[in-house]
Amino acid sequence: GAVVSQHPSRVICKSGTSVKIECRSLDFQATTMFWYRQFPKQSLMLMATSNEGSKATYEQGVEKDKFLINHASLTLSTLTVTSAHPEDSSFYICSAPDGSYGYTFGSGTRLTVV
Amino acid sequence: GQQVMQIPQYQHVQEGEDFTTYCNSSTTLSNIQWYKQRPGGHPVFLIQLVKSGEVKKQKRLTFQFGEAKKNSSLHITATQTTDVGTYFCAAGIYTESNFGNEKLTFGTGTRLTIIP
């Protein structure tokens, strides 16, 4: 089946630094990638949508200058959390339509900002 | 914006008992998807429902889409310990900017725990 590889799975960084999260579609082309954030015991909240070769679309309330998204190829989308702060600590997950009815999710990145 | 509510928020059942989670939308949906997320894991696609009144089954799981396409349910018969996790419904919204792909609004989720 379709696989989205997400790295890193866990990262701890110091406040003020930046963290890059990668999502690669391994056996299909992902023209669109959705980026979610999930706080403990809560639902997934869509942050932004990236489309290959164009600017990302951000949901209301999500700072585009803080969460930089790049979708330079049909198999790779990245999310960079810039100048991270403790309140950015969360579980970040990407997903892409895989050609079937559902969406394939990456395994997630647990970010802890200290 | 669109809201998708699920009840109950938590459900603890004895192994072998049945389990049902309900999903309700404030607007009519074009389709609804269901996902399962194991503790510490990521959501895994279970099924998509499209037609009004549609019922689909996957072994012990039965999915139903309401006649008005505003609600849906997932029923698990004779739960097993492997059913532990959080079940999310997700409503798809088409947007012109996403190459025809829907963006999903996830429900609040129902966390299922099993008492052996």
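Every heavy atom of this structure was used, including side-chain atoms; hydrogens, water molecules and symmetry mates were not. Convention: sequence-line order gives letters A, B, ...; per-chain numbering from 1.
Heavy atoms closer than 4.5 Å to chain A are found in both the backbone and the side chain of B/L104. For A/L44, the parts lying under 4.5 angstrom from a heavy atom of chain B are both the backbone and the side chain. Contact of B/Q37 with chain A is made through the side chain alone, with heavy-atom distances under 4.5 Å. Heavy atoms of A/Q38 lying under 4.5 Å from chain B belong exclusively to its side chain.
Considering NE2 of B/H42 and OH of A/Y36, their distance stands at 13.5 Å, rounded to 0.5 Å. Note that the CD atom of A/E59 and the OG1 atom of B/T105 stand 8.0 Å from one another [nearest 0.5 Å].
Within 6.0 Å of atom NZ in A/K20, 12 or fewer heavy atoms from other residues, nucleotides or ligands are found, so the atom counts as exposed in its surroundings. Heavy-atom neighbours of A/L74 CG from other residues, nucleotides or ligands within 6.0 Å: above the threshold of 12. At most 12 heavy atoms of other shown residues, nucleotides or ligands fall within 6.0 angstrom of atom NZ in A/K55. Around atom CZ of A/F28, more than 12 heavy atoms belonging to other residues, nucleotides or ligands sit under 6.0 Å away.
A donor-acceptor pair under 3.5 Å links the side-chain atoms of A/S43 to the main chain of B/G107, judged by distance alone.
The candidate from B/P43, B/G109, B/P39 with the greatest count of non-hydrogen atom pairs under 4.5 Å with chain A is B/P43. Contacts with chain B were tallied for A/A96, A/S95, A/G102; A/G102 has the most, counting heavy-atom pairs under 4.5 Å.
Centroid-to-centroid, the aromatic rings of A/Y103 and B/Y35 stay 6.0 Å apart or farther.
A/I93 and A/L68 fall into different hydrophobic clusters, where Ile, Leu, Val, Met, Phe, Trp and Tyr side chains are chained together by heavy-atom contacts under 4.5 Å. With hydrophobic clusters built from ILVMFWY side chains whose heavy atoms lie under 4.5 angstrom apart, A/I21 does not share a cluster with A/M45. No continuous path of hydrophobic side-chain contacts links A/F34 to A/V62 [ILVMFWY only; heavy atoms under 4.5 Å].
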